[in-house]
Amino acid sequence: MHKDIEKIIFSEEEIKNKIKELANRINNDYRGKKLILIGILKGSFIFISDLIRAIDLQVQVDFMAISSYGDAMESSGVVKINKDLDKSIEGQEVLIVEDIIDGGLTMKYLINTLSARNPKSLKTCALLDKKERRVIDVNVDYIGFEIADLFVVGYGLDYAQLYRNLPYIGVLKPEVYKK
Ligand code: IMP
Ligand code: MG
């Protein structure tokens with residue numbers, strides 16, 4: 001375990017199994033259809049790369065990079081698009097892939113922005129959901145794990161841009177935040 005990690009919440013094995021479960025649901029729901037996965041950078045890059053390999057459909061991938069957090073731990077609700085999609089999603093089946101839903105403002109913004117581009121369908125997927133932190137109602141179609149009000153890192157999720165490389169999801173030792 002990394003020296004800054006206090007506790008592992010989800011192991012590599014648990015994440016792997018959960019991704020199989022999510023992909024099975026997606027495969028069933030979109031059977032016979034073409035799907036575009038929209039990965040939200042940077043947090044979802046590891047999740048989406050494992051998810052897409054478990055999807056057995058005609059599937060494309062595109063990315064959007066947004067920022068709302070800076071290097072702090074609270075969402076501002078102000079979202080900025082740093083990189084937009086390469087292609088139009090008009091008339092297509094679209095699935096937004098996020099790392100985590102916290103207050104819900106980021107996902108709400110994404111749903112509003114992307115539904116205005118007239119996709120055939122628009123659904124949402126997040127590996128983690130901090131349901132009790134929600135400040136705005138937002139529909140998440142595929143959720144990996146519900147978690148308590150904890151700040152987590154690893155498997156793509158960062159604190160101050162670090163720890164994304166950890167293969168598991170864990171909680172940092174309190175002294176790490178004091179640095
Ligand atoms: P929301 O707009 O409050 O739902 O914030 C969602 C975004 O905040 C996610 O895409 C993450 O980038 C970030 N975030 C929220 N909670 C955590 C966490 O526990 N660890 C790392 N990033 C988080
Ligand atoms: Mg994010």
Side-chain angles (χ1 to χ4, degrees), residues 1-12 14-15 18-19 22 36-52 61-85 94-116 122-179:
M1 190 161 70
H2 190 285
K3 65 172 176 37
D4 292 349
I5 295 291
E6 178 163 273
K7 193 176 158 214
I8 294 177
I9 309 278
F10 300 113
S11 68
E12 270 189 86
E14 286 171 299
I15 297 170
K18 183 57 76 178
I19 284 171
L22 288 172
I36 304 182
L37 298 183
I38 308 280
I40 308 306
L41 298 173
K42 302 172 192 157
S44 77
F45 80 110
I46 293 182
F47 175 41
I48 201 171
S49 71
D50 282 340
L51 185 68
I52 198 168
V61 68
D62 204 343
F63 292 96
M64 226 167 149
I66 58 171
S67 52
S68 64
Y69 257 49
D71 281 344
M73 289 164 63
E74 287 289 321
S75 186
S76 59
V78 181
V79 178
K80 180 171 158 264
I81 298 182
N82 298 321
K83 179 220 171 288
D84 206 337
L85 300 176
V94 174
L95 180 60
I96 302 172
V97 179
E98 253 287 42
D99 50 357
I100 187 165
I101 318 278
D102 187 11
L105 290 163
T106 305
M107 187 57 102
K108 191 78 191 176
Y109 170 86
L110 290 167
I111 292 170
N112 289 342
T113 304
L114 296 183
S115 62
L122 181 65
K123 290 212 225 175
T124 52
C125 172
L127 180 62
L128 302 169
D129 184 10
K130 291 191 205 173
K131 222 169 201 159
E132 62 188 76
R133 294 256 309 165
R134 210 54 50 79
V135 297
I136 190 166
D137 194 35
V138 61
N139 181 57
V140 191
D141 298 286
Y142 304 96
I143 294 170
F145 304 100
E146 270 184 32
I147 61 167
D149 181 6
L150 282 172
F151 194 83
V152 293
V153 297
Y155 197 73
L157 290 108
D158 74 304
Y159 169 65
Q161 299 301 327
L162 293 172
Y163 310 106
R164 295 190 197 273
N165 55 323
L166 302 180
Y168 46 79
I169 292 167
V171 177
L172 289 170
K173 292 178 181 164
E175 61 261 33
V176 177
Y177 301 115
K178 290 171 197 144
K179 278 176 196 162

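Counting convention: from 1, in listed order, for ligands and their atoms alike.
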* Taking only heavy atoms of L150 into account, list the atoms of ligand 1 that are under 4.0 Å away from them. => 19 (O)
* Compare every heavy atom of Y142 with every heavy atom of L22, then report the nearest pair and how far apart it is. => CD2-CB, 4.0 Å
* **Which segment of D99 sits under 4.0 Å of ligand 1 when only heavy atoms are counted** => side chain
* Can you find an N/O atom of I101 closer than 3.5 Å to an N/O atom of ligand 1? -> no
* T106 heavy atoms, cut-off 4.0 Å: which ligand 1 atoms fall inside? -> 1 (P), 2 (O), 5 (O), 6 (C)
* Could you tell me if any non-hydrogen atom of L128 lies under 4.0 Å from any atom of ligand 1? => no
* Enumerate the atoms of ligand 1 whose separation from the nearest heavy atom of E98 is less than 4.0 angstrom. => 10 (O)
* Side-chain heavy atoms of F10 within contact of K18, under 4.5 Å -> no
* To do: Please say whether L157 places an N or O atom under 3.5 Å from an N or O atom belonging to ligand 1.
  => no
* To do: Pick one of side chain, backbone, both or neither for how M107 approaches ligand 1, counting any non-hydrogen atom pair under 4.0 Å.
  => neither
* Which of the numbered atoms in ligand 1 are below 4.0 angstrom from a heavy atom of L105? -> 2 (O), 4 (O)
* Asked: Do L122 and I111 have side-chain heavy atoms sitting under 4.5 Å apart?
  -> yes
* Going by heavy atoms in the side chains, are Y155 and L128 under 4.5 Å from each other? -> no
* Structure fact -> Atoms of ligand 1 under 4.0 Å from any heavy atom of D158, numbered from 1 in the order shown, are 21 (C)
* **Per atom 3 (O) of ligand 1, closest listed option by heavy atom (A126, G103, G156)** => G103
* **Side chains of I96 and K123 in contact at under 4.5 Å (non-hydrogen atoms)** => no
* To do: Assess K130 for proximity to ligand 1: is some non-hydrogen atom of it under 4.0 Å away?
  => yes
* Asked: Under 4.5 Å between any side-chain heavy atoms of M1 and I8, yes or no?
  -> yes
* In terms of heavy-atom contacts, does NZ of K173 have more than 12 from other residues, nucleotides or ligands at under 6.0 Å? -> yes
* Student check: side-chain heavy atoms of I169 and F145 closer than 4.5 Å -> no
* Close side-chain approach of L51 and I19, heavy atoms under 4.5 Å -> yes
* Asked: Where's the contact between I40 and ligand 1, heavy-atom distance under 4.0 Å: side chain, backbone, both or neither?
  -> neither
* Asked: Using a heavy-atom cut-off of under 4.0 Å, does the side chain or the backbone of R133 touch ligand 1, or both, or neither?
  -> neither
* Asked: Do Y177 and Y159 have their ring centres less than 6.0 Å from each other?
  -> yes
* **Any G43 heavy atom less than 4.0 Å to ligand 1** => no
